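Below is one structure; the comments refer to it alone.
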Amino acid sequence: MSNKDTRIKESIHVDNESNPEIVDIAKYTYRSINPSLSSGSSLAYVQRLGKNDANWVFYRVSDMMLIKAEALICMMGEDATQRNDSLGQAAFELIKTIADRSAPNTSSSLIYSNYSTKSQLMDLVFDERRREFLFEGKRWFDLVRHTRRDGNTDYLVDAVQSKFTENAATATGKLKNMMAIYWPYNYDELQVNSNLKQNPAYPEAGDSYESTGK
């Protein structure tokens, strides 16, 4: 995400200019901002929003557009290198619309000929979802969806591994079990419903991790 993309300006607030690694998650916590698109400087955050803990689920227009783009890409066929310019172009235009909206003062570098295969377009839509829905809790479910379609956890492992500079093998080793993409059942739920069986990736007793690889 470049400093020309407004989403990084809207999502992160640098508290300490001398130490840019100290940041606040600012997305949706300020009523208005004053972004400087010409530099990487922090923003003037004008007013914090009041607390709002209503349990509402919203799907923004951008989410629906990217969901549609992902669906169109899935319709291109099983071969990751396959081209289908009718479906691919339609998916690309949806993705490009979101990307262009977020960098209004720059010309988009997205060109369809660079992303014309199913694999390239799928990577593009997932990268765009990662930028668009930063801190919104959608990333893990995107990875789970990708993993289910692949039938293996390779993509998920690569994504998680990129976050770790130390002990990456420990973190990703657990995720080689396909069932690890799903949460375990709460212990109390298992006690009241005998029909529930615990996710085999999570042993019912002890702290060890069951890596069956199945």
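Start at 1 with the first residue, then count along the sequence. Worth saying up front: this structure is predicted, and the values here are computed from it rather than measured. Hydrogens, waters and symmetry mates are skipped; everything else that's a heavy atom, side chains included, is used.
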For this session: For side chain to side chain contact (heavy atoms under 4.5 Å, CB included), just list the numbers for Met178 and Thr153, CA-CA rounded to whole Å, side-chain angles, deciding distance to a tenth of an Å, and then say yes or no.
Result: CA-CA 6 Å; Met178 273 291 289; Thr153 63; 3.6 Å; yes
Exercise. Going through the checks in order, is the side chain to side chain contact (heavy atoms under 4.5 Å, CB included) test met by Arg7 and Ile98?
Worked result: CA-CA 11 Å; Arg7 289 171 294 195; Ile98 302 299; 3.9 Å; yes
For this session: Output, in order, the C-alpha distance, side-chain angles, deciding distance and verdict of salt bridge (charged side-chain N to carboxylate O under 4.0 Å, His left out) for Glu136 and Arg129.
Result: CA-CA 10 Å; Glu136 295 187 32; Arg129 288 186 63 83; over 6 Å; no
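For the pair Thr97 and Met65, the minimum side-chain heavy-atom distance is below 4.5 Å. In this structure the side chain of Val160 reaches within 4.5 angstrom of the side chain of Leu175, judged on heavy atoms. Here the side chains of Glu70 and Phe126 are in contact, with some heavy-atom distance below 4.5 Å.
To the nearest 0.5 Å, atom CG of residue Leu124 and atom CD1 of residue Ile73 are 7.0 Å apart. Rounding to the nearest 0.5 Å gives a distance of 7.5 Å between CH2 of Trp140 and OG1 of Thr147. Note that NZ of Lys96 is 12.0 Å distant from CG of Leu94, once rounded to the nearest 0.5 Å. In this structure, SG on Cys74 lies 5.5 Å from NZ on Lys118, to the nearest 0.5 angstrom. With rounding to the nearest 0.5 Å, the separation of CG in Leu121 from CD in Gln89 is 9.5 Å. Interatomic distance, Glu189 CD to Gln191 CD, rounded to the nearest 0.5 Å: 10.5 Å.
Side-chain atoms of Asn84 and Ser86 include no donor-acceptor pair closer than 3.5 Å.
Within 6.0 Å of atom OH in Tyr185, 12 or fewer heavy atoms from other residues, nucleotides or ligands are found, so the atom counts as exposed in its surroundings.
Salt bridge annotation for Glu78-Arg149: absent, with no cationic side-chain nitrogen under 4.0 angstrom from a carboxylate oxygen. Classification of Arg131 and Glu128 as a salt-bridged pair holds, one side-chain N sitting under 4.0 Å from a carboxylate O. In this structure, Asp85 pairs ionically with Arg83, as a charged nitrogen and a carboxylate oxygen lie closer than 4.0 Å. Salt bridge status for Arg145 with Asp142: present, with a side-chain N to carboxylate O gap under 4.0 Å.
Taking every heavy atom of both residues into account, Ser102 and Glu132 meet most closely at OG-OE1, 4.0 Å. The two residues Ser62 and Phe133 have their closest heavy-atom pair at OG-CE2, 3.8 Å. Contact record, Ala99 with Leu110: CB-CD1, 3.7 Å, taken as the closest heavy-atom pair. The two residues Arg139 and Ala159 make their nearest non-hydrogen contact at NH2-CB, 3.9 Å. Closest non-hydrogen pair, Pro200 versus Met179, comes out as CG-CG, 3.9 Å. Of all non-hydrogen atoms in Ala90 and Leu72, the two that sit nearest each other are CB-CD1, 3.9 Å.
Cluster annotation: Val125 is connected to Val61 through the hydrophobic network of ILVMFWY side chains, with a link wherever side-chain heavy atoms come within less than 4.5 Å.
Within the cation-pi definition used here (under 6.0 Å to the ring centroid, within 45° of the axis), Lys138 qualifies as a partner of Tyr59.
Note on ring orientation: taking the six-membered ring where Trp is involved, the planes of Tyr155 and His146 are parallel (angle under 30°, cut-offs 30° and 60°).
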